[in-house]
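Report on the following structure.
Side chains included, hydrogens not; waters and symmetry mates left out as well; all remaining heavy atoms used. Only a predicted model underlies this, so the values are computations on that prediction, with no experimental measurement involved.
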Amino acid sequence: MEDFSSRSFGNKNKKAGNVNNSNLNDCILTNRRQISDQEALSALDLAVKQVKKNLPLYTDHCQNHSSVNGIYPACDNVQWTCGFWPGEIWLAWEHVCSADNLDINNQRRAGADKKKDSDECIAGQEECSAGSLFACASEYAEEFRAAAMKLSESFEYRIENKIEVDHHDMGFLYTPSCVAAWKLTGDEKARNAAILAADQLMTRFQEKGEFFQAWGKLGEPGTYRYIIDCLMNLPLLYWASETTGDPRYQEAARRHITTCMRYSFRADGSTYHTFFMNQDGTPSHGETCQGYKDDSFWARGQAWGVYGSVLSYRYDPKPEYLEIFHRALEFYLSRLPEDLVPYWDMVFSDDSGEPRDSSSAAIVACGLLEARRYLPQKEADKCEALARQMLYSLTKKYTIWGGRCLSETDDDKNCGESGNLASPPGAGLLLHGTYSKKSPYNTCTEEGVDEYTSWGDYFYMEALTRLTRDWKSYW
């Protein structure tokens with residue numbers, strides 16, 4: 001395979017103002033600040049404080065997909081994004097429980113029941129199961145755990161009663177909520193709910209074309225399509241095969257990945273949001289729903305392609321999947337503004353006046369940190385350095401605390417408290433996200449433009465967590 005460190009990360013036609021990144025080294029070695037370990041810990045401390053502040057609002061209800069004027073409305077558990085908020089709570093719980101340098105993931109299984117962590121047995125070498133957690137000494141631990149488990153019960157109710165589940169987003173819903181609950185606590189109800197969610201996702205599989213249909217009535221010509229996001233739903237199926245021993249789930253996931261890799265990634269590494277198949281199983285064409293237009297480059301779709309391709313490689317290590325990760329990342333980097341946070345569609349540049357999408361940067365940072373596990377050390381170090389640069393930029397310019405606790409501004413030794421005082425209950429973590437922006441060429445409903453987004457907050461916390469401890473993925 002081509003050496004990652006020698007790949008071109010430039011775009012000869014990019015507009016002024018974008019990153020001058022003729023290769024990955026140029027992206028990293030231009031005096032760009034990287035977030036340090038201590039700064040990442042401080043940022044995660046502040047994120048956890050905001051999660052705690054928000055618990056009273058979003059324990060009996062879910063958090064809306066995006067904020068409205070800077071505050072998340074509460075909603076019933078009916079949206080495709082409802083899983084991200086309990087994911088934040090579980091990340092907060094893990095963080096406070098590891099504050100005394102205790103590694104939850106190494107101590108959560110004990111005695112004769114000790115099993116390999118799920119990350120270590122994805123190839124099926126050994127049965128994996130959750131076990132007992134040690135007692136967590138943090139004063140906030142039980143509050144986080146109780147809230148996450150109460151939300152987990154609402155997900156159990158949702159899947160058992162088939163409430164707004166006739167779509168492909170079972171992974172987004174059930175991986176950071178119920179799979180996380182099972183992996184961390186061994187809760188059987190959470191496990192069973194997640195298996196039911198995997199079963200529900202399996203009902204969306206189309207044999208002709210070999211893909212999971214995203215939305216709409218199954219088989220209708222106008223909805224016979226899948227979207228790039230679905231790569232992030234497939235870890236639920238691999239987990240279901242792992243925990244049940246039934247290979248059907250992972251076999252369907254592999255077939256969808258093959259289809260997605262073949263048709264959703266353009267030759268230059270950019271992605272289609274939506275890809276339509278003919279009903280005889282042959283490919284039709286790519287479109288967008290949430291990007292600017294069909295031949296543009298929706299930032300979040302590109303981010304799903306980066307993270308989703310490396311997760312696909314994790315479960316099925318085919319060299320071509322890592323090559324697609326490289327190409328998708330190359331294109332993403334070639335279209336970035338100077339601060340490494342993209343506009344909502346990467347067709348835009350600094351003179352456009354268009355909003356950013358900070359959530360895309362957080363997603364890509366997670367993908368880079370996941371990729372470290374599969375690359376030679378030199379290349380892995382470069383991926384980590386780039387992720388640290390992205391997280392520094394997000395923390396400094398895009399968080400609610402405005403970069404407090406970064407070393408050059410840390411004049412207040414109590415910044416962990418003072419940096420969070422101005423944020424009201426209901427605020428998120430990562431400013432300047434974009435859920436869905438209407439254009440003359442797309443079909444979406446405009447909402448959540450230049451707001452917090454629930455997945456942006458979650459993936460920001462996940463990326464910080466990946467930097468601060470040996471985290472075992474929920475995905």
Side-chain angles (χ1 to χ4, degrees), residues 65 79-81 164-173 197-237 249 251-309 311-312 321 324 328 344-347 360 363 435-447 455:
H65 49 68
Q79 298 180 0
W80 70 269
T81 56
E164 297 294 333
V165 294
D166 197 14
H167 52 75
H168 72 144
D169 283 319
M170 296 302 100
F172 280 137
L173 285 169
D199 290 337
Q200 175 63 29
L201 179 53
M202 289 289 285
T203 69
R204 305 292 300 177
F205 191 75
Q206 293 289 1
E207 288 289 340
K208 291 185 177 179
E210 300 187 315
F211 66 97
F212 288 97
Q213 184 176 320
W215 317 295
K217 186 175 179 181
L218 286 169
E220 282 188 344
T223 60
Y224 207 68
R225 59 179 172 176
Y226 67 91
I227 62 175
I228 190 70
D229 315 39
C230 194
L231 288 176
M232 298 297 297
N233 289 315
L234 302 181
L236 174 68
L237 298 182
Y249 303 103
E251 288 169 1
R254 288 191 174 105
R255 292 167 72 187
H256 178 98
I257 289 169
T258 298
T259 300
C260 183
M261 298 299 190
R262 183 176 296 157
Y263 302 123
S264 293
F265 292 83
R266 302 181 181 109
D268 62 0
S270 63
T271 60
Y272 292 109
H273 176 206
T274 303
F275 200 89
F276 283 81
M277 304 293 287
N278 298 313
Q279 289 188 295
D280 63 0
T282 57
S284 178
H285 64 285
E287 290 186 4
T288 193
C289 175
Q290 289 177 264
Y292 180 69
K293 58 181 180 177
D294 291 345
D295 60 352
S296 67
F297 321 109
W298 180 47
R300 192 161 76 250
Q302 193 68 23
W304 296 138
V306 170
Y307 194 7
S309 59
L311 285 177
S312 298
Y321 294 171
I324 287 171
W344 71 276
D345 193 298
M346 302 185 84
V347 74
S360 296
I363 294 163
Y435 175 25
S436 186
K437 190 172 190 301
K438 190 76 181 79
S439 83
Y441 309 104
N442 67 22
T443 59
C444 72
T445 300
E446 181 161 305
E447 51 190 335
W455 58 89

Exercise. Side-chain contact, heavy-atom cut-off 4.5 Å: E207 with R255?
Worked result: yes
Seminar exercise, completed: Residues F297 and S270: closest non-hydrogen pair is CD2-CB, 3.6 Å
Exercise. Is N233 close to H167 at the side-chain level, that is, under 4.5 Å between some pair of heavy atoms?
Worked result: no
Seminar exercise, completed: All heavy atoms of P283 vs all of N278, minimum pair found to be O-ND2, 3.3 Å
Problem set entry | Rounded distance (nearest 0.5 Å) linking atom OG of S264 with atom CD1 of I257 | 11.5 Å
Exercise. Between C230 and F212, which heavy-atom pair has the shortest distance, and what is it?
Worked result: SG-CB, 4.1 Å
Exercise. Any donor-acceptor pair under 3.5 Å linking the side chain of D280 with the backbone of T282?
Worked result: yes
Exercise. How many angstroms lie between atom CZ of R254 and atom CD of E210, to the nearest 0.5 angstrom?
Worked result: 13.5 Å
For this session: With rounding to the nearest 0.5 Å, note down the distance linking CE in M170 to CG in L236.
Result: 9.0 Å
Problem set entry | Y263 and F275 aromatic ring geometry - parallel, tilted or perpendicular at 30°/60° bounds | parallel
Problem set entry | Q206 and L218, any side-chain heavy atoms less than 4.5 Å apart | yes
Exercise. Do the ring planes of W80 and Y435 sit parallel (below 30°), tilted (30 to 60°) or perpendicular (above 60°)?
Worked result: tilted
For this session: Return the minimal non-hydrogen interatomic distance between L231 and P235, and the atom names on each side.
Result: O-CD, 3.5 Å
Problem set entry | Heavy-atom side-chain contact between L311 and Y321 under 4.5 Å | no
Exercise. Got a sec, which pairs hit side-chain hydrogen bond (donor to acceptor under 3.5 Å, both in side chains) with one end in residues 290-301, sequence neighbours left out?
Worked result: S296-D345
Exercise. Distance from Y307 atom OH to S360 atom OG, nearest 0.5 Å?
Worked result: 14.5 Å
Problem set entry | Check ion pair K438-E446 (N to O, under 4.0 angstrom) | no
Exercise. So, Y224 versus F211, ring centres under 6.0 angstrom or not?
Worked result: yes
Problem set entry | Partners passing side chain to side chain donor-acceptor pair (under 3.5 Å) against R204 (at least two apart in sequence or in another chain) | D166
For this session: Identify the heavy atoms of G286 and Y272 that sit nearest to each other, and give their distance.
Result: CA-CD2, 3.6 Å
Exercise. Where do G291 and S439 come nearest, in terms of heavy atoms and distance?
Worked result: O-OG, 4.3 Å
Exercise. From D169 CG over to D229 CG, what is the distance, rounded to the nearest 0.5 angstrom?
Worked result: 7.0 Å
Exercise. How would you list, by chain and number, every residue that makes a side-chain contact (heavy atoms from CB on, under 4.5 Å) with Q79, sequence neighbours excluded?
Worked result: N64, H65, C75, T81, C82
For this session: Begin with the C-alpha distance, continue with both residues' side-chain angles, and end with the deciding distance and a verdict on side chain to side chain contact (heavy atoms under 4.5 Å, CB included) for M232 and I363.
Result: CA-CA 11 Å; M232 298 297 297; I363 294 163; 5.8 Å; no
Problem set entry | Stepwise side chain to side chain donor-acceptor pair (under 3.5 Å) test for Y441 and T288 | CA-CA 9 Å; Y441 309 104; T288 193; over 6 Å; no
Exercise. Among all residues two or more places apart in sequence or in another chain, which pass the salt bridge (Lys or Arg N to Asp or Glu O under 4.0 Å) test with E287?
Worked result: none
Exercise. Looking at CE of M277 and OG1 of T259, how far apart are the two atoms once the value is rounded to the nearest 0.5 Å?
Worked result: 5.5 Å
Exercise. Mind checking what makes side-chain contact (heavy atoms from CB on, under 4.5 Å) contact with T443, not counting sequence neighbours?
Worked result: C289
For this session: Assess the side chains of T223 and Q213: does a donor N or O sit below 3.5 Å from an acceptor N or O?
Result: yes
For this session: Check salt bridge (Lys or Arg N to Asp or Glu O under 4.0 Å) between E220 and all other residues, then give those that pass, not counting sequence neighbours.
Result: none
Problem set entry | Close side-chain approach of H168 to L201, heavy-atom, < 4.5 Å | yes
